[in-house]
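First the structure, in the form of structure tokens, and then the observations on it.
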Amino acid sequence: MFEAMYARAETGGGKPPWDYGAPRPQLVEWAKARNLAGGGREALVVGCGYGADAEFLVLLGFRTTGFDFAPTAIAGARRKYPASEVNYLVADVMDLPRQWQGNFDLVVESLTVQSMPPEQHSVAVRNIAALVAPEGTLLVLATTREEHSEVKGPPWPLTRAEVEEFSSGDLVMDRLERIENGAWWRAQLSRARDHSA
Ligand SMILES: C[S@@+](CC[C@H](N)C(=O)[O-])C[C@H]1O[C@@H](n2cnc3c(N)ncnc32)[C@H](O)[C@@H]1O
């Protein structure tokens with residue numbers, strides 16, 4: 001579905017409805033509130049689409065990777081930012097490179113899990129959480145759904161319990177906010193330092 005939508009956009013069919021054309025305000029606001037500076041640390045943007053969030057993180061000084069499973073989105077990002085320092089890659093949340101595990105100081109997940117069928121949510125959440133490095137941070141942005149409410153997706157907005165699922169083991173929820181008049185979740189999680197190293 002996503003590849004088809006990006007492909008349609010290529011041939012003048014209108015831009016994908018989620019494409020904000022700029023970094024997500026909920027990410028920008030979060031970054032500004034903590035004077036976020038990458039300082040050469042590694043960031044990863046999940047389901048990066050045309051790359052606006054990834055380009056924002058590069059400007060903050062992160063060495064940034066952005067991935068999406070739609071090849072046309074990745075081709076579009078590379079074309080849109082020809083001089084970009086972002087490493088744009090085609091990859092699937094459900095089958096990520098093993099060497100990415102524990103590798104990223106900042107992982108940004110915005111609206112990707114909820115775009116996936118509900119039966120994939122738990123694995124997707126686990127796979128994304130596994131990417132966060134020791135002392136790293138995960139930012140999750142999603143639209144909200146009440147517990148036990150039916151929804152005919154896509155998308156399948158996340159319940160509080162689904163957002164809380166990102167927290168497991170030493171990846172702990174620092175802050176879970178309900179923003180935009182209750183319409184969005186913004187969750188910040190962090191992984192403890194690895195004491196075995
Ligand atoms: C609703 S869009 C959100 C795009 C962007 N993150 C944002 O916030 O605007 C969902 C994105 O996730 C990508 N996506 C969906 N399922 C994926 C998967 N299994 N692996 C990687 N990317 C996926 C889609 O191609 C699409 O670009």
Side-chain angles (χ1 to χ4, degrees), residues 1-10 13-31 43-58 60 62 64-81 84 86-98 100-101 103-104 106-132 137-145 151-158 162-163 165-166 177 179-180 183-188:
M1 180 191 93
F2 285 101
E3 176 57 22
M5 287 177 92
Y6 282 116
R8 221 173 300 131
E10 291 282 296
K15 68 183 181 108
W18 57 84
D19 182 40
Y20 193 73
R24 288 252 159 233
Q26 299 86 351
L27 165 64
V28 174
E29 182 190 67
W30 178 82
L44 179 76
V45 179
V46 176
C48 66
Y50 289 139
D53 290 346
E55 296 297 327
F56 173 68
L57 294 180
V58 155
L60 292 185
F62 285 93
T64 306
T65 300
F67 79 91
D68 202 289
F69 77 164
T72 305
I74 294 301
R78 289 182 182 141
R79 204 175 44 241
K80 199 164 175 190
Y81 306 103
S84 178
V86 176
N87 185 20
Y88 285 112
L89 298 169
V90 175
D92 189 332
V93 169
M94 297 301 283
D95 185 21
L96 293 173
R98 186 176 284 270
W100 284 10
Q101 287 189 11
N103 215 42
F104 296 95
L106 174 64
V107 176
V108 174
E109 148 53 4
S110 166
L111 310 182
T112 306
V113 172
Q114 70 180 69
S115 77
M116 300 169 69
E119 63 274 15
Q120 294 186 350
H121 285 191
S122 285
V123 173
V125 162
R126 209 165 46 238
N127 288 354
I128 291 168
L131 301 168
V132 182
T137 300
L138 168 62
L139 179 72
V140 178
L141 299 174
T143 58
T144 57
R145 179 164 70 85
V151 64
K152 275 210 173 75
W156 295 271
L158 304 190
E162 283 185 298
V163 177
E165 258 190 65
F166 279 96
E177 302 170 273
I179 57 175
E180 312 288 351
W184 284 62
W185 299 116
R186 181 167 53 198
Q188 178 191 316

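Keep in mind it's a predicted model, so treat the numbers as computed, not measured. For ligands, and for the atoms within them, numbers begin at 1 and follow the listed sequence.
For the atom pair CD (Gln26) and CG (Leu111), the distance works out to 8.0 Å, reported to the nearest 0.5 Å.
Regarding atom 25 (O) of ligand 1, its nearest protein heavy-atom neighbour is Asp68 OD1, 2.6 Å. In this structure, the protein non-hydrogen atom closest to atom 10 (C) of ligand 1 is Ser115 OG, 3.8 Å. Among protein heavy atoms, atom 12 (O) of ligand 1 sits closest to Thr112 CG2, 3.5 Å. Nearest protein heavy-atom neighbour of atom 16 (N) of ligand 1: Phe69 CZ, 3.3 Å.
In terms of the salt bridge (Lys or Arg N to Asp or Glu O under 4.0 Å) criterion, residue partners of Glu177 (sequence neighbours excluded) are, by chain and number, Arg175, Arg186. Residues passing the side chain to side chain donor-acceptor pair (under 3.5 Å) test with Glu55 are Ser84, Tyr88, sequence neighbours excluded.
By the 3.5 Å distance cut-off applied to N or O atoms, Met94 is not counted among the residues near ligand 1. The shortest N or O to N or O distance between Arg24 and ligand 1 is under 3.5 Å. Residue Val93 has at least one nitrogen or oxygen atom sitting less than 3.5 Å from a nitrogen or oxygen atom of ligand 1, judged on distance alone. Backbone and side-chain nitrogen or oxygen atoms of Gly47 are examined, and one is located within less than 3.5 angstrom of a nitrogen or oxygen of ligand 1.
In Phe2, the part holding a heavy atom less than 4.0 Å from any atom of ligand 1 is the side chain. Contact annotation: for Tyr20 versus ligand 1, there are no heavy atoms closer than 4.0 Å.
Across all non-hydrogen atoms, the minimal contact from Cys48 to Ile74 is SG-CD1, 3.7 Å. The minimum heavy-atom distance between Leu57 and Ala43, with the atom names listed, is CD1-CB, 4.0 Å.
Partner of Asp68 under the side-chain contact (heavy atoms from CB on, under 4.5 Å) criterion, out of Tyr50, Phe2, Tyr6: Tyr6 alone. Of the candidates Gln114, Glu162, Glu165, Glu162 is the only one forming a side chain to side chain donor-acceptor pair (under 3.5 Å) with His121.
Within 6.0 Å of OH on Tyr81 lie more than 12 heavy atoms contributed by other residues, nucleotides or ligands.
Between Trp185 and Phe166, the ring centre distance reaches or exceeds 6.0 Å.
In the vicinity of Ala91, heavy-atom distances shorter than 4.0 Å reach the ligand 1 atoms 20 (N), 21 (C). Atoms of ligand 1 lying under 4.0 Å from at least one heavy atom of Ser110, given by number and element, are 3 (C), 5 (C), 6 (N), 7 (C), 8 (O). Near Tyr6, with a cut-off below 4.0 Å to any heavy atom, the atoms of ligand 1 are 25 (O), 26 (C), 27 (O). Close approach of ligand 1 to Asp92 (heavy-atom distance below 4.0 Å) involves ligand atoms 18 (C), 19 (N), 20 (N).
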